[in-house]
Amino acid sequence: MKAAVYNKFGPPEVVKIVEVEKPVPKSNEVLIKIRASTVTTVDSIFRNGKNLFARLAVGITKPKNKIQGSEFSGVIEEIGDKVTKFNVGDHVFGPADDNFGCHAEYKCLNEEHTILTKPDNLSLIDCAAVPSGALTAVPFLRDGAKLTSSSKHPKRIVIIGASGSVGTYAVQIAKYYGAHVTGVCSAKNIELVKSIGADEVIDYTKDDFTNNGKSYDVVFDTIGKNPYNQCKNSLSENGIYLTAYITWSILFQMLFTTKIFKSRRKAMILFTGLRKSSEKTADLKFIKELIESNKIKPVIDKKYPLEQITDAHKYVDTGHKKGNVIITLG
Ligand SMILES: NC(=O)c1ccc[n+]([C@@H]2O[C@H](COP(=O)([O-])OP(=O)(O)OC[C@H]3O[C@@H](n4cnc5c(N)ncnc54)[C@H](OP(=O)(O)O)[C@@H]3O)[C@@H](O)[C@H]2O)c1
């Protein structure tokens with residue numbers, strides 16, 4: 001089968017399309033013929049190998065898993081003899097397992113992994129752009145920010161990077177939970193961020209929300225651009241700063257904003273990819289329901305065939321994609 005393989009860290013050109021062996025499903029696995037995946041910002045960070053924390057996860061000297069791709073959509077082509085949950089021909093989507101590997105024509109997954117039949121109202125291609133961003137946004141908002149649709153007093157939340165993958169899901173899901181949402185992006189994305197439900201949008205190239213005199217219950221920095229120290233004076237008394245991007249500073253700030261140091265404001269990072277499959281499955285079911293009831297939708301920027309994956313990496317490397325970048329196969 002064809003796959004996008006990288007054997008060393010570096011620029012987009014390290015990713016090459018090569019022939020590799022097609023996987024064979026074990027008795028409890030399904031073989032998925034992949035129709036689409038994405039190049040995410042995480043793929044870009046893992047590929048360039050410049051981030052120390054990323055290197056600890058994906059390989060110190062060279063990548064442990066040679067095929068990237070953290071989400072997929074496709075058709076089940078074969079099932080192992082003990083598989084009971086899926087049938088050949090099912091149209092499915094989900095996050096990859098710990099081995100990634102969705103930038104390839106086929107992938108085997110244990111049937112207990114997070115695999116769902118696709119939402120009725122999304123194409124098989126477009127639903128590949130759901131798992132990573134939405135499965136990151138939900139735990140940050142529900143478990144970190146404690147947003148809930150039954151809350152009587154809407155929380156005020158700022159979402160930095162509101163036009164990115166995690167950001168576009170975060171805006172829509174925060175609105176579903178009834179929050180008052182302020183999105184931060186540049187001028188060219190203001191209409192997009194408003195169209196997905198933001199109550200207010202701040203153009204970071206002109207205005208700085210940390211100096212606007214307002215206070216917020218939650219600041220969610222989806223892209224690691226505004227560290228806690230910059231945002232803490234914009235937090236309400238019991239406000240929380242959340243970031244999806246790991247740095248040494250956020251690890252220290254988490255420590256210094258615990259109860260031991262009697263801080264009422266909190267700083268927090270979550271590692272949503274490390275959760276159990278059962279938790280991700282429950283969350284993806286919830287996300288699928290939100291999609292099918294038209295409460296949220298994926299924002300898709302560009303689509304590239306697998307053969308042009310280097311161009312997709314180059315585009316994601318700019319740091320200015322809108323929502324998601326899809327890779328199509330087959
Ligand atoms: N902790 C976890 O469990 C976890 C899980 C998944 C992902 N992540 C992390 O989440 C991060 C977000 O990934 P993503 O794919 O959502 O990001 P992304 O799509 O790459 O974000 C790009 C967007 O950010 C906007 N942007 C750039 N600079 C900005 C600034 N200074 N202020 C506000 N917006 C700005 C850009 O808008 P303009 O073009 O308008 O500038 C663009 O639309 C990644 O760093 C990834 O490592 C963490």
Side-chain angles (χ1 to χ4, degrees), residues 41-42 45 51-53 133 136-148 151 153-175 177-187 189-190 192-194 196-272 319-321:
T41 298
V42 177
I45 293 169
N51 180 299
L52 171 71
F53 295 104
T136 304
V138 166
F140 268 98
L141 297 172
R142 182 196 53 208
D143 310 334
K146 309 275 185 238
L147 299 188
T148 146
S151 167
H153 303 289
K155 287 196 177 178
R156 294 178 62 83
I157 178 168
V158 176
I159 296 173
I160 303 165
S163 49
S165 174
V166 177
T168 48
Y169 283 111
V171 168
Q172 298 176 84
I173 294 165
K175 283 310 298 175
Y177 283 131
H180 180 279
V181 175
T182 301
V184 181
C185 62
S186 72
N189 289 321
I190 289 177
L192 164 70
V193 174
K194 276 190 185 158
I196 54 173
D199 300 287
E200 293 175 44
V201 185
I202 295 173
D203 174 357
Y204 70 86
T205 64
K206 289 203 190 104
D207 299 310
D208 179 356
F209 80 92
T210 64
N211 283 328
N212 67 7
K214 293 185 181 172
S215 82
Y216 302 92
D217 303 302
V218 183
V219 172
F220 180 17
D221 187 352
T222 66
I223 47 171
K225 294 285 181 189
N226 296 72
Y228 173 73
N229 278 345
Q230 229 177 64
C231 301
K232 65 180 179 196
N233 293 332
S234 301
L235 287 174
S236 57
E237 204 183 339
N238 292 304
I240 184 161
Y241 168 86
L242 298 164
T243 180
Y245 189 75
I246 184 168
T247 55
W248 286 112
S249 114
I250 184 63
L251 296 179
F252 285 118
Q253 300 298 351
M254 273 180 78
L255 178 68
F256 287 118
T257 60
T258 55
K259 284 201 177 111
I260 313 167
F261 291 92
K262 298 196 167 77
S263 169
R264 301 186 78 163
R265 293 171 180 145
K266 298 263 172 289
M268 194 187 285
I269 183 167
L270 302 178
F271 298 104
T272 57
H320 294 290
K321 71 178 166 69

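Please read these numbers as outputs of a predicted model, since none were measured by experiment.
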Heavy-atom donor-acceptor pair, Lys214 side chain to Ser234 backbone, under 3.5 Å: no

So how far is it from Ile269 CD1 to Leu251 CG, rounded to the nearest 0.5 Å? 6.5 Å

Within a strict 4.5 Å, meaning less than it, do heavy atoms of the Val184 and Val158 side chains meet? yes

Donor-acceptor contact below 3.5 Å, side chain Lys266 vs main chain Thr257: yes

Considering non-hydrogen atoms only, spot the tightest contact between Gly133 and Tyr169 and give its length. C-CD1, 3.5 Å

Closest approach of Ala267 to Tyr228 (non-hydrogen atoms, all atoms of both residues): CB-CD1, 3.6 Å

How far apart are the C-alpha atoms of Leu141 and Ile157, what are their side-chain angles, what is the distance that settles it, and do they pass the side-chain contact (heavy atoms from CB on, under 4.5 Å) test? CA-CA 10 Å; Leu141 297 172; Ile157 178 168; 3.6 Å; yes

Using a 3.5 Å distance criterion without hydrogens, assess whether the side chain of Ser151 forms a donor-acceptor pair with backbone atoms of Thr148. no

Consider only side-chain N and O atoms of Tyr245 and Asn51, and report whether a donor and an acceptor are under 3.5 Å apart. yes

Hey, can you tell me if Phe209 and Tyr216 have their rings parallel, tilted or perpendicular (30° and 60° cut-offs)? perpendicular

Is there a donor-acceptor contact under 3.5 Å from the side chain of Asp221 to the main chain of Gly224? yes

Atom pair CD1/CG of Ile160 and Asn226 - distance to nearest 0.5 Å: 4.0 Å

With a 4.5 Å limit on heavy-atom distance, are the side chains of Thr210 and Asn233 in contact? no

Between Val201 and Cys185, is any pair of side-chain heavy atoms under 4.5 Å apart? yes

Please determine which of Val171, Val166, Ile240, Val181 meets the side chain to side chain contact (heavy atoms under 4.5 Å, CB included) test together with Phe220. Val166

Drop me the distance from Phe256's CZ to Ser249's OG, to the nearest 0.5 angstrom. 11.0 Å

I would like to know whether Gln230 and Lys225 meet side-chain contact (heavy atoms from CB on, under 4.5 Å); could you show each step before the answer? CA-CA 10 Å; Gln230 229 177 64; Lys225 294 285 181 189; over 6 Å; no

Gap separating the NE2 atom of His320 from the OG atom of Ser163, nearest 0.5 angstrom: 9.5 Å

For atom CZ of Phe53, is the number of surrounding heavy atoms from other residues, nucleotides or ligands below 6.0 Å larger than 12? yes

Could you pull out the closest heavy-atom pair between Lys321 and Ser165, with the gap in Å? NZ-CB, 3.5 Å

Any side-chain heavy atom of Asn238 within less than 4.5 Å of one from Arg265? no

Phe140/Leu147 under side-chain contact (heavy atoms from CB on, under 4.5 Å): CA gap, chis, key distance, verdict: CA-CA 9 Å; Phe140 268 98; Leu147 299 188; over 6 Å; no

Spacing of Asn229 atom CG and Ile250 atom CD1 [to the nearest 0.5 Å]: 9.5 Å

Indicate yes or no: does Lys175 engage Asp199 in a salt bridge with an N to O separation below 4.0 Å. yes

Looking at every non-hydrogen atom in both residues, tell me the closest pair between Ala198 and Gly183 and how far apart they are. CB-N, 4.3 Å

Thr272 and Val138, any side-chain heavy atoms less than 4.5 Å apart: no

Just how far is it from atom OG1 of Thr182 to atom CD1 of Ile159, taken to the nearest 0.5 Å? 8.5 Å

Is the side chain of Lys206 donor-acceptor paired with the backbone N or O of Asp203 at a distance under 3.5 Å, no angle test? no

A side-chain contact here means heavy atoms from C-beta on lying under 4.5 Å apart; do Tyr241 and Val218 qualify? no

side-chain contact (heavy atoms from CB on, under 4.5 Å) between Trp248 and Leu52, worked out: CA-CA 10 Å; Trp248 286 112; Leu52 171 71; 4.1 Å; yes

What heavy-atom pair brings Ala145 and Leu242 nearest, and what distance separates the two atoms? N-CD1, 3.7 Å

Any Met268 side-chain heavy atom under 4.5 Å of Gln253 side chain: no

Examine the side chains of Asp217 and Ser236 and answer whether a donor and an acceptor come within less than 3.5 Å of each other. yes

Of all the heavy-atom pairs spanning Gly178 and Pro154, show the shortest one and how long it is. O-CB, 3.1 Å

